[in-house]
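Here the structure is laid out as structure tokens; the discussion comes afterwards.
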Amino acid sequence: MSGSGRRPAVVLVAGALHVGLLALIALPPLLLWGRLPEPMADHWGLRGHPTGSMPKEGLLGITLAVGVVGAVLSAIWASRPAGMLRGAAATGGGRPGSDALLVGGLFLSGLGASTSLVPTLANLDAVSWHAVRIGAVHVVGILAIPYGLAAAGVWLARRARGGVPDPDPGEVARLGLGPDERAFWSGGARSRWAAAVGVAGVGGGGVIWLAVGWLFAVPVLAVAFALVWISSVAVTASHLGLTVRYGPLGWPVTRIPLRQIRSADTLRLASISFGYRGSLALFGAAAVIVRNGPALRLNLTGNRRFLVTVDDAATGAALINDELARSGG
Amino acid sequence: MLLRIDPRSTEPLYGQIAAQVRHAIARGEIEAGDRLPAAKELASATGVNLHTVLRAYGDLRDAGLIELRPRRGAVVSAAGRARAPLVEQVRQLLDSARRQGFTRSEILELVSREL
């Protein structure tokens, strides 16, 4: 079944998920209303002791609002035409236009559900909010639901889009630089879903901080900032070597001098292995994978390897190989 | 985006840089909101004077193709992405006219007549 054929089914599944999540936000506190203290504990300290409270209506209202915003984002995704693969020939991996809306929407609704369900269960049958304590399982629950749903959103979005065309033949052509010519190549790669989940996580972490407490918010914010950091890379190549800058701030910076490079080639990653893996210094191999599709691979001195997903990887590899030939490397 | 600088070309270095960035915008290799390489990095990598790169970026800004933002550097403007193909065609037209020996006033008269 083509991508466009799968989309209606994916929209139905996403819609059912949101209905379920809104029910998960509202029903437990409503059904257990009489068994919850007024006010409810909603802030906890580092050791799990309650440090703050909120009226039951307030907590329900905030978590419902977060869940509704998430549902609205997914509804906007569903209302758009099937994602256009903008500049697929240039980017290789394609850039689905609005999948981030679905992923961010499911993340936010999941966040609303977890921040409603977990405090409800923690406060159940407590005489007073002062006696409500939480443990590690509650923190895991707060995180697992939204991030699990975000991962489901990525899978659903890919199912809806179908296959991605493969414009990169994997051949590395030489640039044929003249003897006095200088060249500079720049490319980038982005993961919109990671950026969306990261940004949603930062916003959601702020809401959690205010509504439930910093104990739950810090892990959410840490993961969210890490996702935003690894959601994009900017890569440049010249006679000096390769430079990789991470995230929207372009920091930190990985510089690989030309003298450490033996050759460059490209390959096409067929499946997502998202993130920064390995270490050049410790393990002799590192990979920066922001999306599937074209990647630039460097074979380095000392049998080390470095790989980074980047658009137009073939041109970057060709430039490096030309400069190596000119430098006698 | 690939930039190739040929010091032996008769075209000034800043003109080569600006032209290639313009081509890249017109072809859609770089999109509105994309950042151009930092001027210092580009100058260092190509062996070109920093002020030469800044002049190229200044020309692109004057043509409305990029914006120079504090702390963010040179960014392709939304208007620039839309204008770049037309600017490219105008430059090609002017190059062709100059090669055929038309003077500036003759070119202006031709264009005015067609407007």
Side-chain angles (χ1 to χ4, degrees), chain A residues 84-92 95 97 173-190 192 195 232-245 247-251 253 255 257-258 296 310-323 326, chain B residues 1-50 52-54 56-57 60 66 69-76 78 81-82 84-85:
Chain A
M84 298 297 292
L85 296 178
R86 185 165 57 117
T91 64
R95 282 193 252 170
R174 294 283 292 269
L175 289 181
L177 294 174
D180 295 322
E181 218 178 347
R182 280 287 163 86
F184 180 89
W185 167 82
S186 61
R190 283 179 212 160
R192 292 191 180 217
S232 65
V233 289
V235 187
T236 62
S238 69
H239 74 285
L240 298 173
L242 190 84
T243 301
V244 181
R245 293 181 169 82
L249 298 179
W251 182 89
V253 180
R255 288 187 217 278
L258 195 73
L296 173 63
V310 63
D311 302 340
D312 195 21
T315 303
L319 188 157
I320 289 175
N321 287 328
D322 267 32
E323 293 292 354
R326 294 208 294 191
Chain B
M1 177 177 69
L2 177 68
L3 300 176
R4 298 174 71 150
I5 311 298
D6 185 357
R8 294 183 300 176
S9 169
T10 54
E11 188 174 1
L13 297 179
Y14 75 88
Q16 293 182 47
I17 295 171
Q20 290 180 66
V21 173
R22 225 173 20 247
H23 294 326
I25 297 173
R27 285 195 301 264
E29 286 176 21
I30 42 178
E31 300 283 346
D34 285 349
R35 237 185 289 190
L36 297 185
K40 270 177 91 171
E41 183 183 8
L42 183 54
S44 168
T46 56
V48 165
N49 189 286
L50 175 62
T52 302
V53 177
L54 291 174
Y57 282 5
L60 292 166
I66 69 171
R69 299 179 184 170
R71 286 189 295 278
R72 250 212 116 192
V75 175
V76 178
R81 179 63 186 92

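Just so you know, these numbers use all the heavy atoms, side chains as well, and skip hydrogens, waters and symmetry mates.
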>> Among residues at least two apart in sequence or on other chains, which ones pass salt bridge (Lys or Arg N to Asp or Glu O under 4.0 Å) with A:R255?
In response: none
>> To the closest 0.5 Å, what do you measure between CE (B:M1) and OG1 (A:T236)?
In response: 10.5 Å
>> Restricting to side chain to side chain contact (heavy atoms under 4.5 Å, CB included), what partner residues turn up for B:A78, sequence neighbours left out?
In response: B:A32
> Are there residues of residues 5-20 of chain B that reach to under 4.5 Å of chain A by heavy atoms, and which ones?
Replying inline: B:I5, B:D6, B:P7, B:R8
> Which residues in residues 35-45 of chain B have a heavy atom less than 4.5 Å from any heavy atom of chain A?
Replying inline: B:R35, B:P37, B:E41, B:L42, B:S44, B:A45
>> On a heavy-atom basis, which atom in B:D34 and which in A:R190 lie closest, and how many Å separate them?
In response: OD1-NH2, 2.6 Å
> Roughly how far apart are A:W185 CH2 and B:L3 CG, rounded to 0.5 Å?
Replying inline: 12.0 Å
>> Run the side chain to side chain contact (heavy atoms under 4.5 Å, CB included) test on A:R182 and B:V48 for me, step by step, so that the C-alpha distance in whole Å, both residues' side-chain angles and the decisive distance to 0.1 Å come before the verdict.
In response: CA-CA 9 Å; A:R182 280 287 163 86; B:V48 165; over 6 Å; no
